[in-house]
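Structure first, then comments.
Every number for a ligand or one of its atoms is a count from 1 in the order of the listing.
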Amino acid sequence: MDLTPIHPKVTPIYQTSVFKFASLAELETYYTTPDHGGMYGYSRSEHPNSDELVAEVAKLEGATGGGVATGAGLAGLLAAVLATCQAGDHVLCPAELYGGSVVLLSQELARLGIETSYVPLAELYDVARHRRPNTKLVLAEVLSNPLLVVLDGPRLAQACQREGILLLIDSSFTSPMLTRPLDWGADLVWHSATKYLAGHSDVTAGVVVARDPALGKRLRQVATNLGLMLAPLDSWLAVRGLRTLRLRMRQHSENALAVAQFLVASPAVAQVFYPGLPSHPGHELAAAQLLNGLYGGMLSVRLADDTAAAVDTFIQKTRLFPLAPSLAGVQSSCSYPAATSHRGLTLAQRQALGITPGVLRLSVGIEEPAELLADLQQALQ
Ligand SMILES: *Cc1c(COP(=O)(O)O)cnc(C)c1O
């Protein structure tokens with residue numbers, strides 16, 4: 001079938017595992033030309049839908065080295081670590097790191113001889129003190145989960161550059177509408193595209209992009225060799241989500257600010273953690289660093305009745321914030337860190353991180369803000 005006269009406005013879903021070659025000469029060109037001369041061979045290595053997703057994210061991040069799209073956010077972290085580290089190397093992270101990243105690094109990659117250590121974010125900036133001779137990579141998040149501690153990205157990037165250590169930023173909570181870590185001097189940006197990039201809670205995906213083309217190439221090789229590649233339909237869904245990222249992030253941020261201000265005034269709430277509130281310890285840093293005057297859609301609260309029972313009452317009464325332990329969808333949701341992301345910790349460990357029994361995380365969607373406030377009002381009564 002000759003498709004050349006057809007010009008679809010939207011990239012079709014290339015639901016094919018393999019592509020045809022007209023001749024041995026063409027096959028030879030595919031293998032011997034940089035970037036395969038624009039040809040496609042086998043969808044584990046490359047296909048048009050994941051290429052489109054990576055190109056769009058790279059454009060938003062200002063990433064000149066390209067990157068890779070993977071079947072989940074965590075597969076993106078795996079690709080990033082394996083592209084930069086080998087057995088005997090060390091990764092340095094903040095203690096506040098996302099639980100899934102901790103499990104991948106400390107359970108799986110540790111068995112392969114890549115070690116990881118954790119220091120509180122406030123101390124991480126002293127990379128010279130916490131590095132080891134074999135430290136290859138620092139991994140940090142822009143906003144921590146669930147208390148939204150704000151990273152000083154340029155400061156960390158400078159500290160890493162002084163030590164000659166690569167910096168990988170997990171930008172899942174912020175998206176390129178709020179942060180462009182490569183502009184700070186980071187080397188790699190990683191997204192759980194499951195979250196804001198795709199944005200509709202209907203796909204799991206990861207994207208990693210690099211400043212350096214050699215690193216981008218290594219990411220693609222690792223993803224090809226490990227079979228991490230995101231599937232065509234899922235890539236297409238993520239691209240479709242990305243088309244509205246700018247609009248969504250504005251509405252997520254506006255709604256979250258309205259929700260945060262409402263909750264501050266609620267007698268049922270003891271503390272609100274949102275970087276857009278002047279009372280948040282990281283507010284000044286966030287105001288100086290985050291782009292477009294946006295602070296994102298994630299916030300956490302500590303209920304005045306600091307108990308799991310009070311949280312459970314809220315969960316059973318709310319209609320617009322269902323308990324769904326993910327985030328960043330167009331529809332709001334809530335999560336209970338003590339029973340999800342931080343359930344592996346002891347009560348004392350959680351207490352030390354400030355995650356007391358009454359801490360609840362809200363992912364604020366893009367609904368009509370008045371409806372969200374009315375729901376919170378009745379659920380907290
Ligand atoms: C969800 C999440 C991840 C992992 O992404 P998956 O798509 O679930 O594999 C990594 N980092 C952060 C901050 C996340 O919220």
Output a table of donor-acceptor pairs, distance under 3.5 Å, between side-chain atoms of residues 364-372 and any protein atom two or more places apart or on a different chain; print 'none' if there are none.
from: E367; atom 1: OE1; to: S332; atom 2: OG; distance (Å): 2.9
from: E367; atom 1: OE2; to: S332; atom 2: N; distance (Å): 2.7
from: E367; atom 1: OE2; to: S332; atom 2: OG; distance (Å): 3.3

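F321 and F314 have tilted rings, their planes meeting at an angle from 30° to 60° on a 0 to 90° scale.
Residues passing the ring pair (Phe, Tyr, Trp, His ring centres under 6.0 Å) test with H36, sequence neighbours excluded: Y30. By the side chain to side chain contact (heavy atoms under 4.5 Å, CB included) test, P48 is found to be paired with Y14, F19, Y40, residues two or more places apart in sequence or in another chain being considered.
The distance from the CG atom of L53 to the CG atom of L197 is 7.5 Å, given to the nearest 0.5 Å.
Two different hydrophobic clusters hold M298 and L147 under the rule that ILVMFWY side chains link at heavy-atom gaps under 4.5 Å.
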N or O contacts of ligand 1 with protein under 3.5 Å, please list pair by pair.
from: ligand 1; atom 1: 5 (O); to: S192; atom 2: OG; distance (Å): 2.9
from: ligand 1; atom 1: 7 (O); to: G73; atom 2: N; distance (Å): 2.9
from: ligand 1; atom 1: 7 (O); to: S192; atom 2: OG; distance (Å): 2.8
from: ligand 1; atom 1: 7 (O); to: T194; atom 2: OG1; distance (Å): 2.6
from: ligand 1; atom 1: 9 (O); to: G73; atom 2: N; distance (Å): 3.0
from: ligand 1; atom 1: 9 (O); to: L74; atom 2: N; distance (Å): 2.8
from: ligand 1; atom 1: 11 (N); to: D170; atom 2: OD2; distance (Å): 2.7
from: ligand 1; atom 1: 15 (O); to: K195; atom 2: NZ; distance (Å): 2.8

